[in-house]
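Taking it in order: structure first as structure tokens, then the write-up.
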Amino acid sequence: MITDQTHEKLKQIKQSFRLLMNGVASQSMREKGVSYKINWGVPVPELQKMAVEYGKDYDLAIELWKEDIRECQVLATLIMPAERMSEDLVDVWMERLHTQEMAELLAFNLLQHLNFAPSLAYQWIASDKDMYQLCGYQLLARLFAKGMEPNERGINEFLDQVHTTLAGNNLALKHAAFNCVLNFCELSEEMEIIAKKALSDLDLL
């Protein structure tokens, strides 16, 4: 049940988007196939400022994510306290994920801070759902960038899945997987050698 206080905050936030609206950005996103029910085209830095103003707020983040409004969902990823994000709640949020932009922002702003992030990432890159795979690669790329080295099993799983993705036809997934491999190679010279060997037939690295 949403409290009056949370309801009031939600109303204020939605009204403030009208003042920050960027029609050109919104139109540009639509033309690129980024579809939301409502998209005000508000730049992410503006939403980051708003997130600082509201602070971490579990109840508000829950309500914001329910809205099929780009800015509400971006804000939700910024104000949700990571320590209160359970695996069940991640599942609920993932069901509402339907754009590449939001997959990137969800991974960057929130998911990389969860203590079970690695298991999610490996599970998702092996998913048969494109949006889960995309988010999985975005998440793994962040974890590699933070210096998280996978074990032998993790390396094999990752490179097997990457090979399948890079040999496929989905350009968005291939791009995410390739960027993830580059971050993996940055971990160490040994990882770079392993990746080059595993993907040698694709002639990418």
Side-chain angles (χ1 to χ4, degrees), residues 1-17 29 33-42 44 46-48 50-144 146 148 154 157-158 161 165 170 172-173 176-177 180:
M1 179 73 184
I2 182 171
T3 64
D4 290 345
Q5 189 184 15
T6 300
H7 181 72
E8 196 54 41
K9 283 182 191 173
L10 187 60
K11 199 167 90 176
Q12 280 173 6
I13 286 168
K14 285 160 84 171
Q15 285 170 347
S16 70
F17 292 149
M29 285 187 212
V34 179
S35 60
Y36 297 93
K37 187 177 174 185
I38 299 174
N39 179 358
W40 297 104
V42 179
V44 171
E46 289 289 344
L47 297 169
Q48 288 169 333
M50 202 183 286
V52 171
E53 189 186 316
Y54 281 92
K56 297 295 182 186
D57 189 326
Y58 175 85
D59 294 327
L60 183 57
I62 293 287
E63 296 307 318
L64 284 165
W65 188 260
K66 288 178 187 174
E67 301 283 337
D68 195 4
I69 299 172
R70 172 183 170 270
E71 288 71 16
C72 285
Q73 292 198 333
V74 174
L75 202 52
T77 69
L78 289 162
I79 69 168
M80 171 58 81
E83 67 277 4
R84 294 197 61 186
M85 196 73 181
S86 67
E87 292 194 49
D88 287 343
L89 189 54
V90 170
D91 288 342
V92 171
W93 279 39
M94 287 299 289
E95 283 168 16
R96 296 187 66 84
L97 187 69
H98 57 262
T99 70
Q100 184 177 342
E101 180 197 29
M102 202 57 66
E104 291 170 7
L105 290 170
L106 181 61
F108 186 84
N109 295 337
L110 181 59
L111 298 179
Q112 66 162 318
H113 304 298
L114 307 181
N115 56 14
F116 52 92
S119 65
L120 282 181
Y122 282 104
Q123 183 185 320
W124 289 346
I125 63 169
S127 170
D128 57 358
K129 296 176 184 170
D130 289 353
M131 203 50 67
Y132 281 70
Q133 273 196 59
L134 191 63
C135 201
Y137 282 124
Q138 296 289 353
L139 182 51
L140 260 189
R142 288 305 312 153
L143 296 174
F144 291 154
K146 287 160 76 172
M148 185 206 82
E157 275 182 36
F158 169 63
Q161 195 55 52
T165 303
N170 187 314
L173 277 180
C180 199

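Just so it is clear, the model here is predicted, and its values are computed rather than measured. All values below were derived from every heavy atom in this structure, side-chain atoms included, with hydrogens, water molecules and symmetry-related copies excluded.
Tested against Glu67 for a side-chain hydrogen bond (donor to acceptor under 3.5 Å, both in side chains), the candidates Lys14, Gln73, Arg96 yield a single pass: Lys14. The one candidate from Ile38, Leu64, Ile13 that meets the side-chain contact (heavy atoms from CB on, under 4.5 Å) condition with Ile69 is Ile38. Under the side-chain contact (heavy atoms from CB on, under 4.5 Å) test applied with Trp124, the options Met94, Lys129, Gln133, Gln161 reduce to a single match, Met94.
By the 30° and 60° cut-offs, the orientation of the rings of Phe158 relative to Phe144 is perpendicular.
The side-chain contact (heavy atoms from CB on, under 4.5 Å) check on Ser119 picks up Phe116, with sequence neighbours excluded. A search for side chain to side chain donor-acceptor pair (under 3.5 Å) contacts involving Glu83 returns nothing, not counting sequence neighbours. Every salt bridge (charged side-chain N to carboxylate O under 4.0 Å, His left out) that Glu63 has, sequence neighbours left out, goes to Lys66. The side-chain contact (heavy atoms from CB on, under 4.5 Å) test applied to Ser16 returns Met50, not counting sequence neighbours. Shown here are the side-chain contact (heavy atoms from CB on, under 4.5 Å) partners of Glu104, two or more places apart in sequence or in another chain: Gln100, Gln138.
In this structure, the side chains of Leu89 and Tyr58 come closer than 4.5 Å at one or more pairs of heavy atoms. Contact of the Glu8 side chain with the Lys11 side chain is registered, since non-hydrogen atoms from C-beta on lie closer than 4.5 Å. In this structure, the side chains of Ile62 and Trp93 come closer than 4.5 Å at one or more pairs of heavy atoms.
Residues Gly136 and Ile125 approach most closely at C-CG2, 3.6 Å, considering heavy atoms. Nearest approach of Val42 to Arg70, heavy atoms of both residues: O-NH1, 2.9 Å. Nearest heavy-atom pair across Ala121 and Leu140 is CB-CG, 3.6 Å. Contact record, Met131 with Thr99: SD-O, 3.6 Å, taken as the closest heavy-atom pair. Nearest heavy atom pair, residue Leu97 against residue Ala103, reads CD1-N, 3.6 Å. Minimum heavy-atom separation, Leu114 to Ala82: CD2-O, 3.3 Å.
Leu143 contributes atom CG, which lies 8.5 Å from atom SG of Cys180 (distance to the nearest 0.5 angstrom). Distance CD/Glu87 to CD/Gln123: 7.5 Å, rounded to 0.5 Å. Between the CG atom in Leu78 and the CG atom in Leu47 there is a gap of 7.0 Å [rounded to 0.5 Å]. To the nearest 0.5 Å, the span separating CG on Leu10 from SG on Cys72 amounts to 6.0 Å.
Although no hydrogens or angles enter the test, the distance criterion places a donor-acceptor pair under 3.5 Å between the side chain of Glu71 and the main chain of Trp40.
Looking at Asp59 and Lys9, no side-chain N of the basic residue comes within less than 4.0 Å of a carboxylate O on the acidic one, giving no salt bridge.
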> Going through the checks in order, is the side-chain contact (heavy atoms from CB on, under 4.5 Å) test met by Trp65 and Met102?
Replying inline: CA-CA 11 Å; Trp65 188 260; Met102 202 57 66; 3.7 Å; yes

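Atom CG of Asp91 sits in a crowded spot, with more than 12 heavy atoms from other residues, nucleotides or ligands closer than 6.0 Å. A 6.0 Å sphere centred on CD of Gln48 holds more than 12 heavy atoms belonging to other residues, nucleotides or ligands.
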In a table with atom names and distances, give each donor-acceptor pair under 3.5 Å that connects a side chain of residues 106-113 to protein atoms at least two apart or in another chain.
{"from": "Asn109", "atom 1": "ND2", "to": "Thr77", "atom 2": "OG1", "distance (Å)": "3.0"}
{"from": "Asn109", "atom 1": "ND2", "to": "Leu105", "atom 2": "O", "distance (Å)": "3.4"}
{"from": "Gln112", "atom 1": "OE1", "to": "Lys146", "atom 2": "NZ", "distance (Å)": "3.4"}
{"from": "Gln112", "atom 1": "NE2", "to": "Phe108", "atom 2": "O", "distance (Å)": "2.7"}

